[in-house]
Each structure stands twice: as C-alpha cells, then as structure tokens.
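Atoms considered below: every heavy atom in the structure, side chains included; atoms not considered: hydrogens, waters and symmetry mates. All ligand and atom numbering here is 1-based and tracks the order in the structure.
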Amino acid sequence: MADVQTPQVSKGLEGIYIDESSICKVDGQAGKLYYRGYPIEAVCKNASYEEVAFLLLNGRLPNKAELDDITKTMAKERDLPDGVIQIIKEMNGKAHPMDTLRSAFSALSAYDKEVTDQSSEANMRKAIRIISKVSSIVAAIGRLQKGQPYIKPDTTLDHVTNFLYMLNGRKPTQLEYNIVKDMFILHAEHSSNASTFGTLVAASTMADMYAAVTAGIATLKGPLHGGADEAALKMMGQIGNPNNTEQYIEDALAGKQKIMGFGHRVYKTYDPRARIVRDYLLQIKDSSSPEVRTYTEIALRAEKLMIDKLGASKGIWPNIDFFAGPIYLAAGVPADLFTPIFAASRSVGWTAHVLEYWQNNRIFRPLEIYTGKVDLQYVPIDKRA
Ligand code: ACO
C-alpha cells in the first residue's frame, strides 16, 4: 500500500483539475465538445466567428444588437501599428511564422494605452482588440512571406473574409471561406490544454493580457500541441505517394514514432472536431489540384490504418490537426501558416480563460520532488577537478 505521506507526481499534470470553468466542456469518452453548453456541431453550423467570440467571452449568445456591436468593434480594431508591421518585415524569411507572430504580437502591448488597466471593462476591450489584431498579424506574415505588399484590413468585411482578403488580396471562394471559417470556430477554444494553461500561468502572476497571450502563442508552437497540423502535413509529404501510406505508417509505428495528428490526452475516441474537418476531405477529394488529391488520399488511408491498429486497442484516434493540412491547402493556405491561424483562432479561448480566471485569481505555484543532494561542501574554483 502506498505511504499516504509520499507525494505523488502527476507528469504533465495528467488527471489534475486546476480550476472550475464554465467556458468549454470536453467529453473525452463520448467524443463531445461544448462551447458554453452548445454542441460544437451546432455552433459550427450556425455561428459566425464573431458570434463565437461573443459567446465564449460573455457566456451566452448575443442578441442582434450585441452581435452587430462586437462585429463592428472587431472590424475597427483590425489595423496594425506601423512598428508591428516593421517587426514582421524584419523577421520575414528568417523565422518561422509562429516565431514572428510571437514577437509581433508581444510588441503590440507597446501600442495599447490600456495595457496596465486591470478593470474588467478594459480587460474585455483588450480581449476583443487582441482577437482582432492577431488575425491581422497572421495575414500580414503570410502576405509578406509571399513577397507581396501588406494589405490594410477592410472594415466592411466579416472577420474571416477580411483575414483571407488580407492574406490573398482577393475575396475567398465559398469553399475557401467555409473551410477557414470552420477552422477558426473549431480552434477557438478547448478547455485547459497546454497553451491555455500556459496563458493562465502567466495571467495568474497578474502579468497583463498581452504577456499572457504571448505565453499562449509560445506554448502552442510545439508539434505535440498546435504544431501538429503542420507536422502532419509534412509527414504526408514524406509519404509522397498514397500507395506508400500503409508501409510508412507501419514502419513509423515499429520504430516507436508518433504519428502527428493522432492521439489526445482527453479524447479517447474520435475527436468531434476531426469529424467536421473530415467531411471537407470528402468535398475536396476530386479537387483540380493534384497535390490536394494526393494528400487527401494519404490522409484517408492513414486514418483507416491507424484506427484499425490503435483506435479501439489504445484509444488513439485522429485529432483535429490530422485533416487540417489537406483542407487548408485546398483553401490556399500554406503549411507554415496553419499553426499561426490556430493561434489567431485560439486567442478567443485564451482571453476568455484569462477573464474568467482573474475573477478569482490565485498564482499557480505547483511543487516538485527534489531528488538532488543537500549540504554539499562548496569547493573554490581553483580546487575543482
Ligand atoms: N502515434 C502513435 N502512438 C501514439 C500517439 C501517436 N500520435 N499518441 C500517443 N501514442 C502512444 C504513445 O506512444 C504511448 O504508447 P505506450 O503506452 O506504448 O508508451 C501511448 O500512446 C500514450 O501516449 P502519451 O504520449 O503518453 O499520451 P499523452 O496523453 O501524454 O499525449 C499527445 C497526448 C501529446 C496528444 C500524443 O497523443 C501525441 O503526441 N500525439 C501526436 C501529436 C499531436 O497530434 N498533437 C495534437 C494534439 S491536439 C491539439 O493539441 C490541438
């Protein structure tokens, strides 16, 4: 029997509850996801991204006047300071877009007069400002890395249309819009995942909201979290020919490699977001782009094999990031912008959690079990071996 005095370590905080929250429920056994109580399928089908932002920030659906108001405010806040555009230009071609986003976003705090105002009204205004501007930064990064000039936001367009307009210099087709709008909504929030936890750790010190979201962006980058979407597409590129899919996966699993875009700490069944994204694969499988057709076939064959091998036996199923690559490519979004777009979208969840956490703040300060030595004799440097 375990000694009750022995502290138990939970690596990766697995199974640890850090707080109560009414923002999002992830039911990992049933494969269900709710934003403020609404099933994700209904949210995705009916809401705009602006409506999802209102819902997650305020805890209820907006009425018409409130939706108009947040839509106009988000449009008004889209513009970027020249200094931030300069940072993007300076880092263009030298850094991964996630690194450029992290730096450019962090610099935004210099231009916000309310940065240290911790009133709940100012914090809500900052949340909306942040949500608006992160998308503009990502669009600017994508635009400049194609060697094309920065396009100023168009305040007459909705959030997602404006994002694609700033990125591509034209309005999206209906399919492009639907794909990117759904990805923005599906990535908007997902309870206390690594990047939201990272955001909250920074926020819990009463650092400002820009510092907290910068921590979120930094944490999202890794391939075990938000970076999995780009990594999954890279793997599909290495597979190259759909007929190589099964052998590639078998070899990777035999070599104890993880297949990016599969598995989840909470979902032990099919990720409900991945189901929605997968529906788009069926819409693009006959795309006029050979690249999109190839990636789509690889994704569907890899999914089948992985589910046969590890689905029921190990609870490893596709997560949202596995199918993101082919559908983003079909929408004209390059691979290194997948995770930055994820960040733009998740800025809603991060700021909603910060607002909620600050209502009853307590600094995060967990413990560790020290396994080193104590009371060593200090040796002067000229006496050390
Ligand atoms: N491919 C193959 N095997 C896997 C995978 C995978 N993608 N994911 C987990 N496993 C196996 C592990 O090798 C391990 O096997 P073992 O018990 O034989 O050692 C077992 O499943 C448990 O895996 P852990 O890594 O301990 O599970 P954890 O809960 O810590 O990790 C995580 C979850 C990080 C998502 C993991 O499944 C993973 O690395 N997946 C690939 C990266 C990915 O897709 N991340 C995106 C997640 S969704 C998101 O963040 C938006």
Side-chain angles (χ1 to χ4, degrees), residues 9-16 24 26-29 31-33 35 40 98 182-199 215-236 238-239 245-246 248-278 298-299 301-328 335 337-350 353:
V9 174
S10 181
K11 283 286 281 182
L13 296 183
E14 182 164 7
I16 302 292
C24 168
V26 181
D27 183 339
Q29 297 304 320
K32 292 202 178 299
L33 170 63
Y35 285 179
I40 191 62
M98 270 309 271
D182 280 2
M183 290 304 284
F184 261 82
I185 290 177
L186 292 170
H187 270 150
E189 160 59 9
H190 212 232
S191 78
S192 54
N193 53 80
S195 61
T196 301
F197 181 58
T199 303
I217 295 170
T219 314
L220 187 73
K221 182 185 175 190
L224 297 188
H225 187 18
D229 45 14
E230 186 184 347
L233 191 79
K234 193 170 168 198
M235 181 196 78
M236 293 176 203
Q238 284 161 359
I239 292 174
T245 306
E246 289 76 12
Y248 182 100
I249 302 274
E250 295 280 7
D251 290 348
L253 291 177
K256 297 269 172 224
Q257 270 181 52
K258 282 183 171 176
I259 307 299
M260 296 293 124
F262 283 86
H264 199 274
R265 176 64 64 77
V266 183
Y267 291 122
K268 296 304 168 198
T269 181
Y270 214 107
D271 177 343
R273 303 166 301 171
R275 271 191 208 289
I276 296 173
V277 179
R278 189 186 187 280
I298 291 172
R301 285 171 72 157
E303 177 210 24
K304 183 172 181 326
L305 181 72
M306 284 292 286
I307 291 178
D308 286 350
K309 285 186 87 75
L310 300 176
S313 64
K314 268 190 126 173
I316 294 169
W317 297 82
N319 61 56
I320 181 173
D321 288 340
F322 189 63
F323 300 123
I327 70 160
Y328 267 141
L337 278 199
F338 299 170
T339 318
I341 294 177
F342 187 162
S345 161
R346 184 57 59 84
S347 60
V348 173
W350 292 332
H353 277 275

Return a table of N or O atom pairs, ligand 1 on one side and protein on the other, at distances under 3.5 Å, rounded to 0.1 Å.
from     : atom 1 : to   : atom 2 : distance (Å)
ligand 1 : 1 (N)  : I259 : N      : 2.9
ligand 1 : 7 (N)  : I259 : N      : 3.4
ligand 1 : 7 (N)  : I259 : O      : 2.7
ligand 1 : 7 (N)  : F262 : O      : 2.8
ligand 1 : 15 (O) : K314 : NZ     : 3.0
ligand 1 : 18 (O) : K314 : NZ     : 2.7
ligand 1 : 25 (O) : K258 : NZ     : 2.6
ligand 1 : 29 (O) : R265 : NE     : 2.7
ligand 1 : 30 (O) : R265 : NH2    : 3.0
ligand 1 : 39 (O) : K258 : NZ     : 3.0
ligand 1 : 40 (N) : F262 : O      : 2.8
ligand 1 : 44 (O) : G261 : N      : 2.8
ligand 1 : 44 (O) : N319 : ND2    : 3.0
ligand 1 : 45 (N) : L224 : O      : 2.9
ligand 1 : 50 (O) : H225 : ND1    : 2.8

Exercise for review: Measure up the F342 and H225 rings against each other and bin them: parallel (under 30°), tilted (30 to 60°), perpendicular (over 60°).
Suggested key: perpendicular

Review point. Looking just at side-chain N and O atoms, do E303 and Y270 make a donor-acceptor pair shorter than 3.5 Å?
Key: yes

Check your understanding: Could you go step by step and tell me if M183 and I341 meet the side-chain contact (heavy atoms from CB on, under 4.5 Å) rule?
Key -> CA-CA 9 Å; M183 290 304 284; I341 294 177; 5.6 Å; no

Exercise for review: Look at the rings of H190 and H264 and say which category their plane angle falls in: under 30° parallel, 30 to 60° tilted, over 60° perpendicular.
Suggested key: perpendicular

**Study point:** Qualifying residues under salt bridge (charged side-chain N to carboxylate O under 4.0 Å, His left out), relative to K234, sequence neighbours excluded
**Key:** none

Exercise for review: Check whether more than 12 heavy atoms from other residues, nucleotides or ligands sit under 6.0 Å from atom NZ of K309, and answer yes or no.
Suggested key: no

